[in-house]
Amino acid sequence: KEIIPPLEQLMVEKEGYLQKAKIADGGKKLRKNWSTSWIVLSSRKIEFYKESKQQAMSNMKTGNKPESVDLCGAHIEWAKEKSSRKNVFQITTASGNEFLLQSDIDFIILDWFHAIKNAIDRLPKD
Ligand code: I3P
């Protein structure tokens, strides 16, 4: 039977640019490589686009997919010790992917931290 997600689950809650570094994939450590990412948060996932928003929108038509992160069972925490940069937090997914997100601007990173934490807290843990 086809499962149709409620519209609410598809709606964008927040979007914007942050610095992103993926540091583990399925529990396997990766070399840290910071880059700017266009980030789109909806109620159960985050999408990371490598390009600007504009570029991402035009790529969508050609089927270029962003990296999509399932927030069910994910964790978020501040990660001061994982970087020499200020304002870094980490998202760890149930599948063992780890992402660092960062902004030099305090209120921007705080807004993102709380938006993602709220999304995670509203979801079932498995
Ligand atoms: C890394 C690069 C990262 C840095 C990381 C370095 O070197 O300088 O910016 O992380 O530090 O290893 P390379 O480009 O040679 O891989 P931060 O900017 O977050 O400090 P780390 O190894 O202490 O994580």
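Whatever order the structure lists ligands and atoms in, that order sets their numbers, starting from 1. What's counted below: heavy atoms across the whole structure, side chains too, no hydrogens, waters or symmetry copies.
- Ring-plane geometry between W78 and F113 is classed as parallel, the angle between the planes falling under 30 degrees on a 0 to 90 degree scale with a further cut at 60.
- Residue A94 comes nearest to C72 through the heavy atom pair CB-O, 3.8 Å, listed as atom of the first residue, atom of the second, then distance.
- For E67 and K50, the salt-bridge test fails: no basic side-chain N is under 4.0 Å from an acidic carboxylate O.
- Salt-bridge annotation for K86 and D104: absent, with no side-chain N of the basic residue lying under 4.0 Å from a carboxylate O of the acidic one.
- The presence of a protein heavy atom under 4.0 Å from atom 8 (O) of ligand 1 is ruled out.
- Side chains of T36 and Q19: a donor on one and an acceptor on the other come within 3.5 Å.
- Residue, atom and distance of the protein heavy atom nearest to atom 13 (P) of ligand 1 are R31 NH2, 3.5 Å.
- In terms of protein heavy-atom proximity, atom 21 (P) of ligand 1 is closest to K32 NZ, 3.6 Å.
- Inside a 4.0 Å radius of atom 15 (O) of ligand 1 there is at least one protein heavy atom.
- Counting only heavy atoms of the protein, atom 20 (O) of ligand 1 lies nearest to S84 OG, 2.6 Å.
- In terms of protein heavy atoms, atom 19 (O) of ligand 1 is closest to S83 OG, 2.5 Å.
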